[in-house]
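The next block holds one structure in the form of structure tokens; read it before the comments.
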Amino acid sequence: MARAKIALIGAGQIGGTLAHLAGLKEMGDIVVCDIAEGVPQGKALDIAESAPVDGFDAKLTGATTSDAASYSAIAGADVVIVTAGVPRKPGMSRDDLLGINLKVMKAVGEGLKAHAPDAFVICITNPLDAMVWALREFSGLPAQKVVGMAGVLDSARFRHFLADEFDVSVKDVTAFVLGGHGDTMVPSVRYSTVGGIPLPDLIEMGWTSKDRIDAIVDRTRNGGGEIVALLKTGSAFYAPAASAIQMAESYLKDQRRVLPAAAWCDGVYGLNGLYVGVPVVIGAAGVEKVVEIRLNADEKAMFDTSVNAVQGLVAACREIDPSLA
Ligand code: A3D
């Protein structure tokens with residue numbers, strides 16, 4: 001069987017890390033694309049030269065996607081992961097990126113439509129929920145084949161902080177985060193567990209206190225900003241790349257993982273047509289199912305606030321680009 005083809009659009013911090021991880025995991029042949037000349041080619045060659053040392057087989061190529069025709073480099077891709085655009089700098093919110101990154105989504109969406117209409121597309125570009133919506137609109141691909149990565153990362157941050165708090169293996173901590181990828185995200189305390197024990201029970205058992213969990217929830221919500229403030233020159237890239245790779249693997253290997261992702265919600269969670277973070281099943285058909293969990297009144301109120309924030313960003317996209325109206 002031929003190797004899968006993985007196209008990475010954006011060869012920056014996340015794009016380079018994605019290429020390296022996809023190579024190490026032998027997920028397929030990889031084409032790294034960027035508007036910049038030389039960067040995707042250089043990163044592809046550098047990673048290809050690590051393959052003999054690490055012992056993986058993958059063909060890595062770089063391509064400059066500076067106009068519509070050059071998107072032929074992604075032709076036939078099975079998975080496309082989009083990180084093209086700009087990241088935030090200290091003092092910026094994700095929403096400040098909207099105007100610039102919307103134009104990038106238009107170019108990428110049109111490239112997808114023309115050259116990779118059968119791909120499973122994972123968007124990472126911020127502001128995530130609005131950008132994945134715009135990418136779907138511009139590309140015209142089926143909604144179950146276009147998804148946004150944020151929930152795996154946000155819940156990985158939550159899991160890391162919880163594992164630290166309890167001094168247990170990260171493997172035994174499950175957590176998930178609902179809603180938009182922004183300050184209004186909803187880390188779910190009730191549905192997060194250590195060894196299967198829900199956090200509220202662990203508070204009752206005296207393992208931790210409500211105040212400490214509240215502080216962890218807060219740190220999770222601001223997890224991206226914490227890294228931006230430390231790095232000063234860009235945003236997180238190792239954990240975002242690892243998270244998107246997990247989603248891509250679930251699709252390519254039909255693993256049917258249950259993962260939180262920004263998925264098209266129509267007729268679920270009281271929504272009629274919006275991308276927002278919810279648990280989904282990712283298998284060979286893409287997003288095969290949106291898992292509709294029961295929210296209590298507090299969770300519902302937080303989820304609604306988050307949905308409102310995403311709806312505001314989608315409205316802003318429509319205003320900037322009337323073709324989206
Ligand atoms: P960076 O290292 O700047 O890489 C972005 C790359 O995109 C650069 O190499 C650019 O040259 C390239 N680019 C710009 N415009 C185009 C275009 N039209 N076509 C092709 N390539 C283009 O950023 P990064 O890799 O650190 O982050 C990429 C994006 O991911 C940013 O928007 C971040 O805000 C976002 N991000 C999202 C998360 C989520 O959890 C959703 C986490 C971290 C970063």
Side-chain angles (χ1 to χ4, degrees), residues 7-20 31-44 62-68 70-71 73-74 80-90 92-112 122-135 138 147-158 177 179-183 185 220-228 231-247 259-262 275-277 310 313:
L8 307 174
I9 307 184
Q13 299 279 57
I14 304 178
T17 312
L18 284 168
H20 195 196
V31 55
V32 193
C33 309
D34 201 287
I35 199 164
E37 174 67 44
V39 174
Q41 292 85 353
K43 290 202 178 181
T64 303
T65 43
S66 51
D67 59 15
S70 56
Y71 270 90
I74 69 167
V80 179
I81 307 181
V82 180
T83 60
V86 289
R88 51 188 176 141
K89 300 210 168 61
M92 285 175 97
S93 82
R94 293 178 179 92
D95 303 354
D96 294 335
L97 307 171
L98 188 123
I100 302 174
N101 286 350
L102 185 62
K103 288 201 192 86
V104 176
M105 290 307 102
K106 187 167 195 159
V108 176
E110 286 166 359
L112 287 168
I122 302 170
C123 179
I124 307 184
T125 302
N126 270 320
L128 192 269
D129 306 86
M131 291 303 100
V132 64
W133 172 81
L135 188 63
F138 289 130
V147 68
M149 187 298 294
V152 175
L153 169 65
D154 295 328
S155 49
R157 287 180 173 147
F158 197 15
V177 174
H181 179 62
D183 307 338
M185 72 176 78
T220 302
R221 278 207 186 99
N222 297 307
E226 184 177 357
I227 305 261
V228 170
L231 293 180
K232 295 182 185 70
T233 53
S235 52
F237 53 100
Y238 293 114
S243 303
I245 289 288
Q246 186 174 65
M247 294 168 70
L259 301 169
Y275 270 93
V276 69
V310 175
L313 292 174

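First listed ligand is number 1; within each ligand, the first listed atom is number 1.
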Which of the listed options, L8, I14, V82, D154, holds the heavy atom that is closest to atom 30 (O) of ligand 1?
-> I14
Interatomic distance, CG@L313 vs CG@L97, rounded to 0.5 Å, equals 10.5 Å
First locate atom CG of L153, then atom CD of Q246, and finally report the distance between them rounded to the nearest 0.5 Å.
-> 11.0 Å
Atom pair CG/NZ of L18 and K43 - distance to nearest 0.5 Å | 10.5 Å
Identify, for atom 29 (C) of ligand 1, the protein heavy atom at the shortest distance, and state residue, atom and that distance.
-> T83 O, 3.5 Å
To the nearest 0.5 angstrom, please state how far the CG atom of D183 sits from the CG atom of D95.
-> 7.5 Å
Would T64 and Q41 count as having a side-chain donor-acceptor pair, cut-off 3.5 Å?
-> yes
Give the atoms of ligand 1, by number and element, whose distance to some non-hydrogen atom of L153 is under 4.0 Å.
-> 40 (O), 42 (C)
Of N101, V86, I9, V104, the residue whose pairing with T125 passes side-chain contact (heavy atoms from CB on, under 4.5 Å) | N101
Taking atom 39 (C) of ligand 1 as the reference point, the nearest protein heavy atom with its distance | H181 NE2, 3.4 Å
of all protein heavy atoms, closest to atom 36 (N) of ligand 1 is N126 ND2, 3.3 Å
At a 4.0 Å threshold, what atoms of ligand 1 neighbour a non-hydrogen atom of P240?
-> 42 (C), 43 (C)
One should read off an interatomic distance between D96 CG and N126 CG, to the nearest 0.5 angstrom, of 11.0 Å
Contacts of K106 that satisfy salt bridge (charged side-chain N to carboxylate O under 4.0 Å, His left out) - sequence neighbours left out | D321
Partners meeting side-chain contact (heavy atoms from CB on, under 4.5 Å) with A68 (sequence neighbours left out) = none
Working to the nearest 0.5 Å, report the span between CG of N222 and CZ of R157.
-> 10.5 Å
Please report which non-hydrogen protein atom sits nearest to atom 13 (N) of ligand 1, along with the residue it belongs to and the distance in Å to one decimal place.
-> G85 N, 3.6 Å
Proximity to ligand 1 by part of M149, non-hydrogen separation under 4.0 Å | both
Which residue and heavy atom of the protein sit nearest atom 6 (C) of ligand 1, plus the separation = D34 OD2, 3.6 Å
Min over P87, G12, A63 of heavy-atom distance to atom 23 (O) of ligand 1 lands on P87
With heavy atoms only and a cut-off of under 4.0 Å, state how L97 meets ligand 1: side chain, backbone, both or neither.
-> side chain
Atom 21 (N) of ligand 1: nearest protein contact (heavy atom, Å) | I35 N, 3.3 Å
Which heavy atom of the protein is the closest neighbour of atom 37 (C) of ligand 1, given with residue, atom name and distance?
-> I124 O, 2.9 Å
Non-hydrogen atom of S235 closer than 4.0 Å to ligand 1 | yes
Protein heavy atom at shortest distance from atom 26 (O) of ligand 1 | Q13 CB, 3.6 Å
Atoms of ligand 1 close to N101 [distance to a heavy atom under 4.0 angstrom, numbered from 1] = 32 (O)
Output, in order, the C-alpha distance, side-chain angles, deciding distance and verdict of side-chain contact (heavy atoms from CB on, under 4.5 Å) for L112 and L135.
-> CA-CA 9 Å; L112 287 168; L135 188 63; 3.9 Å; yes
Within-cut-off N or O pair, V86 and ligand 1, under 3.5 Å | yes
